[in-house]
Number of protein chains: 2
Amino acid sequence: MTGIRALADSLNISIGTVSRALNGKPGVNPETRDRVLKMAQETGYVANAAGRNLRKGLTNTIGMVIGTGPAAAKGDNNFFMAVTDAMQRAMLERGVDLILLPCHAAMDPLAFLQRTLQRGSIDGLVLTATLEQDPRIAMLEASHLPFITLGRSRTPGNYAWMDLDFEGAARQSVARLAELGHRRIAIGIPKGQANLSALYLESWRQQMQAEGLSPSDDLLFVDDFTEAGGAQVAARLLDQADRPTAILMCSEPMISGFCGGLLGAGVQPGADVSVIGFRQSPLLRHLAPPISCFDMDLDALGEDMAKAILGLVYDADNALHITRAISPMTYVETASVQPLR
Amino acid sequence: MTGIRALADSLNISIGTVSRALNGKPGVNPETRDRVLKMAQETGYVANAAGRNLRKGLTNTIGMVIGTGPAAAKGDNNFFMAVTDAMQRAMLERGVDLILLPCHAAMDPLAFLQRTLQRGSIDGLVLTATLEQDPRIAMLEASHLPFITLGRSRTPGNYAWMDLDFEGAARQSVARLAELGHRRIAIGIPKGQANLSALYLESWRQQMQAEGLSPSDDLLFVDDFTEAGGAQVAARLLDQADRPTAILMCSEPMISGFCGGLLGAGVQPGADVSVIGFRQSPLLRHLAPPISCFDMDLDALGEDMAKAILGLVYDADNALHITRAISPMTYVETASVQPLR
DNA sequence: TTCGTAAATGTAAACGTTTACGAAACCTGT
DNA sequence: ACAGGTTTCGTAAACGTTTACATTTACGAA
């Protein structure tokens, strides 16, 4: 005899009562409930996931798909870790588990998603690293599995999302550099269809024009999301006759490679070319000089994400409320940004 | 009607035949099998996870518990990401999913483990960040769930593990520094019961004695697994009259904080105090100067881990073969290590 | 034709849980 | 003492799948 049946037997009561006691359902004698809870505690009984899932159609777990692969491994996973951390903490209070679903770069993201959807082992999903056009979103909408994306997308649909203020960061960056006299303000973004790159780029364009500067094509550098890519950007930038005097970059590895490239050519980041990054990170803080970037409250972000997806999945009344929020960022300036000489 | 029943109905055959056809079991007419497969393809049918899991007692997923929380968020998660990545790739070939189980620092690791064990949603487990004495291992052994640890432990038992060569790293580090004339070679390790710290420390002791040097207590620095902790170590080290001229450190954030502490006091890492770290990482590479450390093949490690746990879980004949392997590390020297002046 | 064997298919039980439903026990006021 | 209501509890069905077993069909050989 196993599971709830064994527990019920050892207490000489029926499995129905045990189940009700454990799940906090009404209509069970407080004294009986205590006995059940105590025995469950002692024996370490926890309801089998498959059985419960089969019966209820719910698993009490939320999945979060994260990209892995060469690029991701070199990127700043600390971002995900920090968010994950806060999310899990918030979910724990509700007795919900968070699992991470790593999707390898070499794998078709759609097939991966399809698989996890069909498996039916999660109640809701957090989708990260959204693309400008993201077919995964359409798939999720069709699947009727509640989900929220971390990152926006141009893909139409009535879904919940949260994001960081890439536009604000680009806007502030350009404005600050212009204020310091810079006129040829470049931007470096990673190759690929990431939505954040698109937002970052678009906002750079707008603010450049707002400052009366030209967002010309020779100020736009697109390269691999790696240190090598950043080094490439540096090489191409230094090659220009009318060399840009400042640059915005949203990718950590690229910034690192970029600064390396500058130094290799005898050009000082900051002194010769001002650099503004996006997200605060240990690496950026330890480059020489440290890179100006934006600080944010990842803890709050994670908590908000958790609340949003939990509401969507488990609170019938909240299910209609689609949260869409943009997390603010605060600029932190370092020696990597200096007035135009 | 839903699930396999609907599929069977639409083909006018029984669910038994459908199940056999889908699962490649023998004893089904090839023609019928084709019809089933085709219909399943068309309708997008995939067996419900809960039902299958309940019946078979297997979920085709392997879990990997990773620590989160403030400390982990600041540490180098790239390590886990890289290993995870390779593991997942290897598992995918076998149709097995890998899920990450983040265990928040504020949570009791034992309770967390107990929960995931009882839930029965994984077929096998990868345990990371093992402690010198790790009660989780005993719990896992009692649970009869196949598992492998990434990191050894003094906890006795007949379990599989893989690990990095912390002893070798410490030994090589001391030997190299001694060769360069250093005599007061310190070691900095994080507080806590992590097994790797113990190995690292013990091996340092042994090699110091082998070199005819004294591993005295004033050469041992224990502090928080954070930048602040590293800075503390720097302060205490610089405070000594007979100042150590070199140090080994296995924690990335501590190294970073340590170097910051040195620089803040006008002491040059490398030139004044040689520093050797443990694992290669972007941050260590970008400190000034870059930190000497050890390179390793995380991809191979991940693949081996995957093979080991898969064999343990799904291959009956392999189930008795307990893999125990130590991943080699190769020393990469930088300007952070210099001859004693 | 008839039987025996193998191939193909159908049937039903089982996995562990939750929950609708009914039964029992216990009150409470008349 | 009894009807009616409220607690409390037990029973059994259901979730969707796999698989042991029973059953049918097909096909040669006798």
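Every chain is numbered from 1, with letters handed out A, B, ... down the list of sequences.
- When both pairing distances are held under 3.5 Å, C/dC3 makes a Watson-Crick or G-U pair with D/dG28.
- Here the closest non-hydrogen pair linking A/L125 and A/I309 is O-CD1, 3.7 Å.
- Within the structure, a side-chain polar atom (N or O) of A/T32 is placed less than 4.0 Å from OP1 or OP2 of D/dC9.
- Within 6.0 Å of CD on A/Q193 lie no more than 12 heavy atoms contributed by other residues, nucleotides or ligands.
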- Go along nucleotides 11-18 of chain C 5' to 3' and tag each nucleotide: B for a protein heavy atom under 4.0 Å from its base, S when only backbone or sugar atoms are that close, - otherwise. BBBBBBBB
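- In this structure, A/I13 atom CD1 and C/dA24 atom C1' are separated by 16 Å, rounded to whole Å.
- Nucleotide D/dT6 holds its P atom 18 Å from the CG atom of A/N29, rounded to whole Å.
- Checked by atom type and distance alone, the side chain of A/R324 pairs as donor or acceptor with a backbone atom of A/Y159 at under 3.5 Å.
- In this structure a side-chain-to-backbone donor-acceptor pair under 3.5 Å is missing from A/S19 to A/G16.
- Nearest heavy atoms, B/L22 versus B/Y45: CD1-CE2, 3.5 Å.
- Scanning both residues, B/V83 and B/L298, for their nearest heavy atoms gives CG2-CD2, 4.1 Å.
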